[in-house]
2 protein chains.
Amino acid sequence: MIRAAALPRPDGALRAIGTVRHFAPQQTIFAEGDPAGHFMLIIHGMVRSCSTFSDGRRFIGAFYAAGDLFGLERKEAYLASAEAVCETAIVLYPAPDWLDIARPQDSLSSQVFGAMMLGADQARSHARLLGRLHAIEKLSAFLLERHERSNQRLQLTLEMSRQDIADYLGLTVETVSRCLAQLKRDNLIRFHSSRRLDLLDIMALQAISG
Amino acid sequence: MIRAAALPRPDGALRAIGTVRHFAPQQTIFAEGDPAGHFMLIIHGMVRSCSTFSDGRRFIGAFYAAGDLFGLERKEAYLASAEAVCETAIVLYPAPDWLDIARPQDSLSSQVFGAMMLGADQARSHARLLGRLHAIEKLSAFLLERHERSNQRLQLTLEMSRQDIADYLGLTVETVSRCLAQLKRDNLIRFHSSRRLDLLDIMALQAISG
DNA sequence: CGGCTAATTGACTTTAATCAACTACAGTGG
DNA sequence: CCACTGTAGTTGATTAAAGTCAATTAGCCG
């Protein structure tokens, strides 16, 4: 994540307290869902952070090289797998307590720090959507995302225009409109007006969004 | 970024020290490149974080709603604009000193914190690439990104396979191969082997990658 | 040298973008 | 109150970009 060379005392302080480990090409360092108790610094080689969809599609969120830190997670579990791209050596560190945002904290700095972490997670999840989902899947995912952040049970009010949605999902207005029409045709959603709708089948929408 | 409801004492502590401001629909809160001296909490309404390409393409990186914090930047300047989607009220806070990663710090926690911030930026930049660039533009951007992180002047060694590149850029191996062939045809790159190449015209690659 | 995988290239198909009407709707002023 | 206007949204026809399928070539390691 960060190039050690860009910081003073690059890896000296860090390396002193960690455990060195070596990985062969294609070897898994940790898998999606593993308990996230450590973070890592790359000594040499390269690591890819990737996640796989149920149907086999794969998405790589980042490549990490010598000097980069990775595996910093807000959650209890890693959100993506890490695999060695080539012959790689890393140093392993126990995750510091202050990383544990799951634990309730209330200072201003904790709130700001938590917002940053959450923002990073959301950006990664957004990249995954943009990189590997089809138009109809993007729309399903978008509606579910909006639904999760609203308080309503089934009703959903979209504050933004179709153009905004298109620019968020990497599509055109026309495609957004057509996909919403298809979801309506399939009885997964119902419109009250162009910006107010009901989600009729959350499970089906989840199935579509991968 | 973070839903205040998910934290104890949601906005009480924060709201106490900030300045409330109101925005009309479509109004700009801050623009890409503005000095990043503040961050914001949304009281009500909705904000979009967006960036515009030289040719007019627009990309929205995130929507923020009531309770979300946004505008937390590692850099001196905001990396994307923020605009009100609808009638919106926010509270403005001065950015805390410890956000200023540009200033050299060397403690372990600073390194970890900096890595997280950088990782967030990279994920946002990756999302922008995935959302609004064409295949050839993605490849140009990818080569430049790899070049920046290598020490070589013009030579570039790709540690990863074409499949890895495809999964990183949201493309197929065939498209990756065809785009590299086109860049070669246009004399922007030259191959020594399939994973070793020279960048012959950085400026042209930058122009292509938007 | 042979056998395997990675990478390239070509032919064709599919998806989403583009271009072009057309409809719905909100706000304005007669 | 209702016609007029302008914007947002939808729908259809066509094109362009990238994906798929298939065959071939290049590298690599025994």
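A 4.0 Å heavy-atom criterion places the boundary nucleotides of DNA chain C facing chain B at C:dA6 to C:dA11, written 5' to 3'.
You'll find the ring centres of B:F142 and B:Y168 inside the 6.0 Å limit.
Regarding A:H192, its NE2 atom lies at a distance of 17 Å from the P atom of D:dG9, rounded to whole Å. A straight line from CG of A:D164 to C1' of D:dG9 spans 13 Å, rounded to a whole angstrom. Rounded to a whole Å, the CD atom of B:Q26 is 19 Å from the P atom of D:dG6. Spacing between atom CD1 of B:I136 and atom P of D:dG19 amounts to 13 Å, rounded to whole angstrom units. Rounded to an integer number of Å, the gap from A:Q163 CD to D:dA8 P is 9 Å. Atom pair B:E137:CD and D:dA16:P shows a separation of 17 Å (rounding to whole Å applied). One atom, CD of B:Q182, and another, P of D:dA16, lie 16 Å apart when rounded to the nearest Å. Computed from coordinates, the A:H134 NE2 to D:dA18 C1' distance equals 10 Å when rounded to whole Å.
Taking only side-chain atoms of B:T172, from C-beta outward, the nucleotide of D:dG12, D:dA18, D:dT20 with the closest atom is D:dT20.
For the pair A:V91 and A:T19, the minimum side-chain heavy-atom distance is 4.5 Å or more.
Checked by distance alone, B:R178 brings a side-chain donor or acceptor within 3.5 Å of a matching partner on the base of D:dT20.
Among the protein residues, A:L180 comes within range of no part of the nucleic acid, since none of its heavy atoms lies under 4.0 Å from any strand. Within the 4.0 angstrom heavy-atom criterion, only backbone atoms of the sugar-phosphate kind lie near A:S194; the bases stay farther away. B:S161 comes within 4.0 angstrom of sugar-phosphate atoms only, judged by non-hydrogen atoms across all strands, and of no base.
Contact detail for B:A166 and A:R132: the closest heavy-atom pair is O-NH2, 3.4 Å.
Put simply, A:R162 has no side-chain N or O that comes within less than 4.0 Å of OP1 or OP2 on D:dT7.
Nucleotides of DNA chain C nearest to B:T175 and A:L133 differ in position, and the one nearer the 5' end is that of B:T175. Nearest-nucleotide positions on DNA chain D for A:R195 and B:E174 put A:R195 closer to the 5' end.
A donor-acceptor pair is defined here as one N or O able to donate and one able to accept, closer than 3.5 Å; such a pair exists between the side chain of B:R195 and the backbone of B:E159.
Side-chain contact check for B:T52 and B:R58: no donor-acceptor pair (N or O, by modelled atom type) lies under 3.5 Å.
The residues B:D167 and A:R48 are annotated as not salt-bridged, no charged nitrogen and carboxylate oxygen being separated by less than 4.0 angstrom.
Distance OG1/A:T28 to CZ/A:F30: 10.0 Å, rounded to 0.5 Å.
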